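As structure tokens, the structure follows; a few thoughts come after it.
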Number of protein chains: 4
Amino acid sequence: MPDAATEPAKRGRPRRGPDPERFREIVDAAAEVFLEKGYSATSIQDISDRVGILKGSLYHYVRSKEDFLYRIIKDVYDEAIDDIRKIGEGEQEPLARLAAFIRAHVRFAAAHLTAYTIQLREFEQLSAERREEIRQGGETYVEALQAILEDGQAAGLVDASLQVRLASIIITGELNSMTRWYSPKGSLEPDQLADVYVGMVLTSVASEAAVTKAGGVEALRTEFALGQG
Amino acid sequence: MPDAATEPAKRGRPRRGPDPERFREIVDAAAEVFLEKGYSATSIQDISDRVGILKGSLYHYVRSKEDFLYRIIKDVYDEAIDDIRKIGEGEQEPLARLAAFIRAHVRFAAAHLTAYTIQLREFEQLSAERREEIRQGGETYVEALQAILEDGQAAGLVDASLQVRLASIIITGELNSMTRWYSPKGSLEPDQLADVYVGMVLTSVASEAAVTKAGGVEALRTEFALGQG
Amino acid sequence: MPDAATEPAKRGRPRRGPDPERFREIVDAAAEVFLEKGYSATSIQDISDRVGILKGSLYHYVRSKEDFLYRIIKDVYDEAIDDIRKIGEGEQEPLARLAAFIRAHVRFAAAHLTAYTIQLREFEQLSAERREEIRQGGETYVEALQAILEDGQAAGLVDASLQVRLASIIITGELNSMTRWYSPKGSLEPDQLADVYVGMVLTSVASEAAVTKAGGVEALRTEFALGQG
Amino acid sequence: MPDAATEPAKRGRPRRGPDPERFREIVDAAAEVFLEKGYSATSIQDISDRVGILKGSLYHYVRSKEDFLYRIIKDVYDEAIDDIRKIGEGEQEPLARLAAFIRAHVRFAAAHLTAYTIQLREFEQLSAERREEIRQGGETYVEALQAILEDGQAAGLVDASLQVRLASIIITGELNSMTRWYSPKGSLEPDQLADVYVGMVLTSVASEAAVTKAGGVEALRTEFALGQG
DNA sequence: AATGAATGAGTTTTCATTCAT
DNA sequence: AATGAATGAAAACTCATTCAT
């Protein structure tokens with residue numbers, strides 16, 4: 001019986017595939033360009049120029065331009081799903097959970113600004129199959145938000161007359177719209193922005209009881225603020 | 001009776017440019033396709049297919065593909081400016097003006113859904129010159145909104161601690177995000193949607209005094225509603 | 001009621017599509033190059049050079065390089081099917097029909113030398129769907145030939161011990177191999193070549209009775225010749 | 001005694017090239033793919049996939065893609081030349097030699113089916129120099145066959161009116177066409193196929209005298225058969 | 001012997017635009 | 001007003017080949 005330890009690894013293929021760090025570097029370059037020019041208006045040449053290699057060389061890493069978009073969106077989408085799952089673990093009170101949700105969302109968008117913005121803007125450019133595949137992933141922000149608002153209504157803390165589905169869509173749009181102007185280079189920290197969002201969103205849905213409990217709208221508007229950033 | 005065969009259809013005037021009705025038809029077709037596929041991903045062929053003519057024929061109406069985008073955005077932008085100017089004429093009370101502003105904005109977005117959506121999404125695809133030219137046009141929604149909020153603060157009806165510039169941007173994003181999901185084919189009428197927006201936005205910025213004056217947040221939330229949809 | 005005679009033709013589209021003569025010209029150019037270099041080794045550039053236009057211009061006529069191959073093969077295949085159908089109409093005697101079949105086949109191959117050669121060589125380069133579609137077309141030369149040989153056996157004129165399916169394949173290969181060397185520029189006329197083929201093929205399958213009836217193999221070999229070339 | 005440390009592993013001889021067995025393996029893989037897809041349509045990637053290594057690694061064995069084709073064709077061509085030389089050694093009678101020639105050819109084609117098919121199909125894809133070099137090699141099948149037929153005519157056993165050059169080309173095409181359909185996986189053994197070919201070819205060229213001598217065409221058709229396969 | 005990154009030149013295809021009719 | 005042929009430039013993608021490791 002041959003000694004397994006001295007026997008060479010099965011002919012040929014360890015086949016590691018491309019270096020994951022280099023791959024990340026390249027996908028990040030693609031994301032930057034997509035953000036600046038838009039996916040469709042970006043050429044493979046634009047990406048390779050940014051990386052500093054020839055355009056043909058990119059096909060070591062992907063099979064098509066769409067693969068770049070897919071990678072960017074898939075990754076941020078998966079992280080977003082994780083993010084949504086973590087929200088509310090711990091927080092019991094609906095308004096506190098709502099505040100936590102908003103803060104988490106703002107932090108997430110700020111932390112993954114490029115990729116998250118691309119996801120919002122360019123999702124429809126993916127092939128139908130890939131859109132479908134990605135959507136299977138899990139609960140969306142809208143759905144999570146809706147659940148919180150429903151809990152809030154049950155607890156009498158969210159205006160009972162609110163159409164929660166519609167409100168969830170509106171609030172999600174409100175939060176997502178930060179990707180249209182927010183820049184990490186500015187002086188506004190994510191938590192400061194979150195404070196503003198939390199204050200505005202909470203008062204926009206709070207019930208009479210919730211306002212009273214907080215000691216008025218203005219009090220409610222700062223109740224969940226982290227304060228000075 | 002004159003000979004119909006030799007007489008040109010329209011009385012006297014030599015036809016200088018293309019038939020404006022046909023032009024509108026074609027620009028509308030372009031807008032539809034831009035909305036569906038995005039400007040950059042749309043080819044001249046896509047547009048001509050939609051119209052039912054050959055692509056070369058489009059150059060009777062425009063000098064370049066960008067001209068279509070320019071026409072669409074310029075027109076809706078100009079109308080938006082008009083829209084903004086009209087708001088508040090008449091309304092004296094800041095919260096009433098804020099409500100009127102929101103309603104007008106929702107109505108406008110709903111009425112010009114395709115063009116307004118394109119303007120939001122594709123403005124950056126215009127040449128720098130045209131972007132500049134269009135921006136000269138007049139006050140933006142954000143600026144108009146900011147002015148109203150400032151008046152509201154002066155009148156003690158808007159939370160004095162609110163960062164009005166930031167709030168204006170957030171609220172505008174919130175309103176504009178309706179273009180991402182609203183459809184005139186759905187059962188939700190623009191005024192019904194406006195009612196929801198008005199309620200949420202007003203309570204999100206109202207001062208303690210404003211809430212008290214209205215008889216509570218829930219009352220404030222319906223004070224400016226048109227009601228039954 | 002409007003007068004149909006004076007009413008203009010329905011807006012826009014007579015849409016004739018490309019000039020069929022020009023199209024033929026271009027497909028013929030493609031066929032020439034495919035013959036010289038092989039389909040896969042031919043670039044779109046090669047074809048456009050032959051035609052004398054830019055490569056992009058070819059896409060007025062086809063949607064892909066494969067379309068050229070399809071057109072060439074489809075057309076010659078359809079004609080071949082027609083050809084096969086016509087053979088034997090009239091001829092009653094099996095050996096006479098066999099001779100007629102061979103002559104027709106040689107004439108056909110000579111008359112469509114380029115396209116028929118391409119069909120034989122490059123059929124497998126078509127997509128699976130197109131191969132399938134074309135094969136649906138009708139009876140092949142092999143099948144037609146087999147039928148004739150079976151009739152010949154029934155009439156006692158073809159060697160009873162002959163495996164007709166195999167013989168049909170062999171004879172078809174023999175006939176088709178002329179595409180590997182035949183040139184219309186040479187001095188050998190199609191009918192002269194057919195005379196040789198007829199003589200060789202008939203004697204290669206004839207029964208004893210057929211030979212006797214003809215007055216010997218050498219007599220049989222010239223019985224169906226057109227003679228003087 | 002030489003210093004073992006400086007001496008290469010294998011006794012004396014420095015290793016010049018790659019392992020010949022591995023080389024054969026790789027060339028065979030290339031041949032398989034060339035057969036399936038055609039030379040021009042095959043990429044180096046296709047070959048390396050078949051072997052199970054990366055494409056860059058193939059350049060340890062060859063200097064270019066064409067080298068694969070050259071190796072395949074050169075080898076089979078040289079063997080074919082040998083094959084042709086051996087034919088007729090021993091056989092004295094022209095028809096017996098013709099039968100032996102056909103049998104040898106069929107056996108050869110069956111034994112080297114892949115390489116021989118590639119040689120027939122892809123010879124023209126070699127560079128002009130290599131085509132020239134290979135052609136220098138020796139007598140071709142057509143020439144050998146022509147010589148036999150001429151001997152046959154001299155002996156009165158081949159139809160005197162036969163154009164032997166043309167007949168040789170036709171018969172060679174007939175034999176070679178087996179590469180278009182023959183498969184060693186089928187139930188037809190090479191010698192069975194050779195029996196059919198021998199019978200058909202001999203009767204297709206035999207003189208009256210040869211037929212009479214054999215006792216009729218049908219007798220002639222089986223005279224050189226090996227019989228049951 | 002093999003890997004995997006990269007090259008550079010090529011391929012097929014797309015597409016905005018022009019223009020004679 | 002529209003056609004349809006063509007252009008010319010650029011797009012996405014392919015691929016034989018090289019090379020440092």
Side-chain angles (χ1 to χ4, degrees), chain A residues 8-9 11-19 22-23 26 40-48 51-67, chain B residues 15 17-19 22-23 26 40 42-48 51-67, chain C residues 8 11-19 22-23 26 40-48 51-66, chain D residues 15 18-19 22-23 26 42-48 51-67:
Chain A
R11 168 102 79 182
R13 282 117 325 203
R15 284 296 195 86
R16 273 162 300 151
D19 174 6
R22 180 67 169 147
F23 183 51
I26 287 169
S40 292
T42 296
S43 72
I44 282 287
Q45 181 79 258
D46 291 331
I47 300 171
S48 65
V51 178
I53 57 177
L54 294 181
K55 60 185 168 176
S57 308
L58 290 179
Y59 288 85
H60 257 284
Y61 300 93
V62 289
R63 261 197 281 266
S64 73
K65 179 180 152 185
E66 199 213 354
D67 281 3
Chain B
R15 269 238 220 86
D19 172 6
R22 180 69 168 147
F23 182 53
I26 286 170
S40 291
T42 296
S43 72
I44 282 286
Q45 181 79 259
D46 291 329
I47 300 171
S48 64
V51 179
I53 59 178
L54 295 183
K55 60 181 172 173
S57 310
L58 289 179
Y59 288 83
H60 275 275
Y61 300 94
V62 290
R63 256 192 294 259
S64 73
K65 178 180 156 185
E66 199 212 355
D67 281 4
Chain C
R11 168 101 79 182
R13 278 119 327 201
R15 283 297 195 87
R16 276 162 298 151
D19 174 7
R22 181 67 169 147
F23 183 50
I26 287 170
S40 292
T42 296
S43 74
I44 282 287
Q45 180 80 258
D46 291 330
I47 300 171
S48 65
V51 178
I53 57 177
L54 294 180
K55 61 186 167 174
S57 308
L58 290 178
Y59 289 84
H60 257 284
Y61 300 94
V62 290
R63 259 197 282 266
S64 72
K65 179 180 155 186
E66 200 213 353
Chain D
R15 269 238 222 89
D19 172 7
R22 181 68 169 149
F23 182 53
I26 286 169
T42 296
S43 72
I44 282 286
Q45 181 79 258
D46 291 330
I47 300 171
S48 64
V51 179
I53 58 179
L54 294 183
K55 61 180 172 174
S57 310
L58 290 179
Y59 288 83
H60 275 276
Y61 300 94
V62 289
R63 254 191 295 259
S64 74
K65 179 181 156 186
E66 199 212 354
D67 282 3

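On a predicted model such as this, the values are computed, not experimentally measured, just so you know. Order of the sequence lines fixes the chain letters, A, B, ..., with proteins taken first and strands second; residue numbering starts at 1 for each chain. Note: hydrogens, waters and symmetry copies are ignored here, and every other heavy atom, side chains too, is used.
Side-chain proximity of C/Lys55 to the nucleotides F/dA10, F/dA12, F/dT17 is greatest for F/dA10. Of the candidates F/dT7, F/dC13, E/dT12, E/dT12 carries the atom nearest the C/Lys65 side chain, counting heavy atoms from C-beta on.
Note: NE2 (C/His60) to P (F/dG4) measures 10 Å, nearest angstrom. Separating the CG atom of C/Leu58 from the C1' atom of E/dC15 is a distance of 15 Å, rounded to the nearest angstrom. Rounded to whole Å, the distance from CZ on A/Phe23 to C1' on E/dG4 is 15 Å. At whole-Å resolution of the value, CG in A/Asp46 and P in F/dC13 are 14 Å apart. Atom P of nucleotide E/dT18 and atom CG of B/Asp67 are separated by 11 Å, given to the nearest angstrom. Note: CD (A/Glu66) to C1' (F/dA11) measures 16 Å, nearest angstrom. In this structure, the CD atom of D/Gln45 is 19 Å from the P atom of E/dT11, given to the nearest Å. The separation between A/Ile53 atom CD1 and E/dA6 atom P is 5 Å, rounded to whole Å.
Contact check for B/Tyr59 versus B/Ile44: side-chain heavy atoms found under the 4.5 Å cut-off.
Counting any heavy atom pair closer than 4.0 Å across all strands shown, B/Ser43 reaches sugar-phosphate atoms only and no base atom. In this structure, A/Leu54 reaches the bases: a heavy-atom distance under 4.0 Å links it to at least one base atom across the strands shown.
Taking each heavy atom of B/Ser48 and B/Leu54 in turn, the nearest pair found is CB-C, 3.7 Å. Across B/Phe23 and B/Tyr61, no two heavy atoms sit closer than the pair CE1-O, 3.6 Å.
Regarding contacts with the backbone of F/dT14, every side-chain N or O of A/Tyr59 stays at 4.0 angstrom or more from both OP1 and OP2. Close to F/dT3, at under 4.0 Å from its OP1 or OP2, lies a side-chain N or O of B/Ser57. Not one side-chain nitrogen or oxygen of C/Arg22 sits closer than 4.0 Å to the OP1 or OP2 atom of F/dG4.
Where A/Thr42 and C/Tyr61 each meet DNA chain F at their nearest nucleotide, the meeting point lying more 5' is that of C/Tyr61. Summary of the strand contacts: A/Gly56 and B/Gly56 both lie near DNA chain E, and taking for each the nucleotide with the nearest heavy atom, the more 5' one is attributed to A/Gly56. Judged by closest nucleotide on DNA chain F, C/Ile26 is the one of A/Ser64 and C/Ile26 placed further toward the 5' end.
Base pairing of F/dA20 is made with E/dT3, judged by Watson-Crick or G-U wobble geometry with both donor-acceptor distances under 3.5 Å.
Taking NZ from D/Lys65 and CG from D/Asp67, the interatomic distance works out to 12.0 Å, rounded to the nearest 0.5 Å.
Within the 3.5 Å criterion, the main-chain N or O of B/Thr42 finds no donor-acceptor partner in the side chain of B/Asp46.
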